[in-house]
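Working notes, structure below.
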Amino acid sequence: RPCWLVSTVGGSPKTVTQMVWALQTLEGLRVERVFLLRTTESGDVPAEQRAHFPSVTDWRELGLKTHDVLTPQGVERVRRQTYDHLSRLMRTEGRPPLCFDISGGRKVMSVALHTAAQLLAADDDKVYFVDAVDPPLRDPRSPKWVPEDPSEVSLVEVPFPRLAFVHELM
């Protein structure tokens with residue numbers, strides 16, 4: 001089954017490759033496109049790591065035009081831009097289900113994505129969190145980016161209420 005992945009990204013974008021691997025290996029999904037919600041300070045997934053996933057034909061940055069997510073103004077920018085990016089994605093005709101990855105980046109970014117998903121997600125969209133169990137996967141300095149065995153990561157589907165009716169009332 002095809003899907004698109006929307007990921008929050010922090011200083012160590014290893015969570016993105018771990019999520020793609022987990023969705024494909026543990027959930028049997030075929031990730032076709034990856035959308036990266038990242039601030040100006042966030043890391044990027046290097047091309048040599050992207051090459052591990054030939055099914056992903058498009059790695060697209062959805063830049064959050066801020067480097068600061070620690071002030072009220074920065075939080076508001078992240079919230080608004082995340083909602084706007086997701087709103088545009090939701091209107092893409094013929095899109096497959098979306099998988100929202102709240103693993104990377106600052107907690108503010110994860111909350112913004114989770115909240116936007118609550119307001120905009122379709123019934124077949126899902127929210128996930130991946131956690132690296134393997135120490136080299138956890139270490140941002142380690143060259144290991146991609147799990148090799150299911151025991152190296154924990155993938156959790158995060159329940160969330162779909163509140164699209166609230167969005168329709170606005």
Side-chain angles (χ1 to χ4, degrees), residues 1-39 42-45 49-50 52-64 69 78-79 81-90 92 95-140 144-164 167:
R1 300 178 318 238
C3 71
W4 291 354
L5 176 64
V6 181
S7 288
T8 53
V9 182
S12 175
K14 285 183 167 188
T15 57
V16 178
T17 56
Q18 294 163 12
M19 180 60 76
V20 174
W21 185 89
L23 290 173
Q24 293 187 158
T25 305
L26 304 177
E27 295 289 296
L29 297 172
R30 185 179 70 253
V31 179
E32 295 178 335
R33 298 177 79 184
V34 175
F35 299 92
L36 305 169
L37 285 166
R38 46 189 299 247
T39 66
S42 298
D44 195 12
V45 179
Q49 300 305 328
R50 294 177 183 195
H52 288 280
F53 307 103
S55 71
V56 180
T57 58
D58 186 18
W59 297 77
R60 184 161 308 176
E61 179 180 328
L62 301 177
L64 301 174
V69 294
V78 165
R79 185 199 64 75
Q81 291 175 29
T82 299
Y83 180 88
D84 290 347
H85 284 309
L86 191 54
S87 184
R88 281 190 292 278
L89 269 180
M90 297 304 292
T92 304
R95 72 163 181 84
L98 295 177
C99 295
F100 305 106
D101 170 16
I102 60 171
S103 310
R106 298 246 184 214
K107 302 300 181 272
V108 167
M109 296 166 66
S110 299
V111 168
L113 180 57
H114 192 263
T115 302
Q118 289 177 20
L119 292 170
L120 298 169
D123 290 341
D124 54 355
D125 298 332
K126 295 184 177 187
V127 175
Y128 290 96
F129 181 86
V130 68
D131 189 30
V133 177
D134 183 44
L137 285 173
R138 294 182 78 85
D139 183 354
K144 185 173 182 179
W145 281 62
V146 179
E148 297 166 356
D149 186 85
S151 66
E152 295 178 341
V153 294
S154 173
L155 180 67
V156 177
E157 183 179 338
V158 179
F160 69 104
R162 283 158 175 83
L163 303 172
H167 181 258

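What you see is a predicted model, and the numbers here were worked out from it, not measured in a lab.
- Taking CD of E157 as the start and CG of L23 as the end, the distance is 10.0 Å to the nearest 0.5 Å.
- Residues P13 and G11 approach most closely at CD-O, 3.4 Å, considering heavy atoms.
- The backbone N or O of W145 sits nowhere less than 3.5 Å from a side-chain atom of Q49 that would complete a donor-acceptor pair.
- Counting heavy atoms from C-beta on, the side chains of W4 and L98 come closer than 4.5 Å.
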Pair D123-R162, side chain to side chain contact (heavy atoms under 4.5 Å, CB included): steps then yes or no:
CA-CA 8 Å; D123 290 341; R162 283 158 175 83; 3.8 Å; yes
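- Summarising the geometry, atom OG belonging to S103 is positioned 8.0 Å from atom CD belonging to Q18; distances are rounded to the nearest 0.5 Å.
- Shortest non-hydrogen contact noted between R30 and S55 is CG-CB, 3.8 Å.
- Judged by distance alone, with hydrogens and angles left aside, the side-chain atoms of S42 form a donor-acceptor pair with the main-chain N or O of V9 at under 3.5 Å.
- Considering all non-hydrogen atoms of both residues, P150 and W21 come closest at N-CH2, 3.5 Å.
- Taking the side chain as every heavy atom from C-beta outward, M19 and L155 approach each other to under 4.5 Å.
- For the pair L89 and L62, the minimum side-chain heavy-atom distance is below 4.5 Å.
- When all heavy atoms of V133 and S151 are compared, the pair lying nearest together is CB-O, 3.8 Å.
- Taking CD from E152 and NZ from K144, the interatomic distance works out to 3.5 Å, rounded to the nearest 0.5 Å.
- Separation of atoms OG (S7) and CG (L37) is listed at 8.0 Å; rounding is to 0.5 Å.
- For the pair V127 and H114, the minimum side-chain heavy-atom distance is below 4.5 Å.
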Trace of the side chain to side chain contact (heavy atoms under 4.5 Å, CB included) decision for K14 with L137
CA-CA 7 Å; K14 285 183 167 188; L137 285 173; 5.7 Å; no
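- For the pairing with R33, the side-chain hydrogen bond (donor to acceptor under 3.5 Å, both in side chains) check across T92, T57, D58 returns one residue only, D58.
- Across all non-hydrogen atoms, the minimal contact from P96 to P2 is CB-O, 3.6 Å.
- Residues passing the side-chain hydrogen bond (donor to acceptor under 3.5 Å, both in side chains) test with E148: none are found, sequence neighbours excluded.
- Every residue two or more places apart in sequence or in another chain was checked for a side-chain hydrogen bond (donor to acceptor under 3.5 Å, both in side chains) with K107, and none qualifies.
- Side chains of V153 and L26 form a contact here, defined as non-hydrogen atoms less than 4.5 Å apart.
- With rounding to the nearest 0.5 angstrom, the CZ atom of F35 is 9.5 Å from the CG atom of L5.
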Would you check, one step at a time, whether the test side chain to side chain contact (heavy atoms under 4.5 Å, CB included) holds for D44 with L36?
CA-CA 9 Å; D44 195 12; L36 305 169; 3.9 Å; yes
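- In this structure, Q118 contributes its side chain and F160 its backbone to no donor-acceptor pair below 3.5 Å.
- Separating the OH atom in Y128 from the OG1 atom in T15 is a distance of 16.0 Å, to the nearest 0.5 Å.
- When only modelled atom types and interatomic distance are considered, H85 and Q81 share no side-chain donor-acceptor pair under 3.5 Å.
- Ion pairing between a basic and an acidic side chain is recognised when a charged N comes within 4.0 Å of a carboxylate O; R95 and D124 show no such pairing.
- Among all heavy-atom pairs drawn from A112 and V78, the shortest one is CB-CG1, 4.1 Å.
- Side-chain contact check for R138 versus D131: some heavy-atom pair is nearer than 4.5 Å.
- The backbone N or O of V45 sits less than 3.5 Å from a side-chain atom of R50, completing a donor-acceptor pair.
- Inter-residue side-chain proximity for L120 and S87 is flagged as met; some heavy-atom pair is nearer than 4.5 Å.
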Going through the distances and angles, do M109 and T39 end up as a side chain to side chain contact (heavy atoms under 4.5 Å, CB included)?
CA-CA 9 Å; M109 296 166 66; T39 66; 4.0 Å; yes
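- When side chains are defined from C-beta on, F53 counts as touching T17, because their heavy atoms get closer than 4.5 Å.
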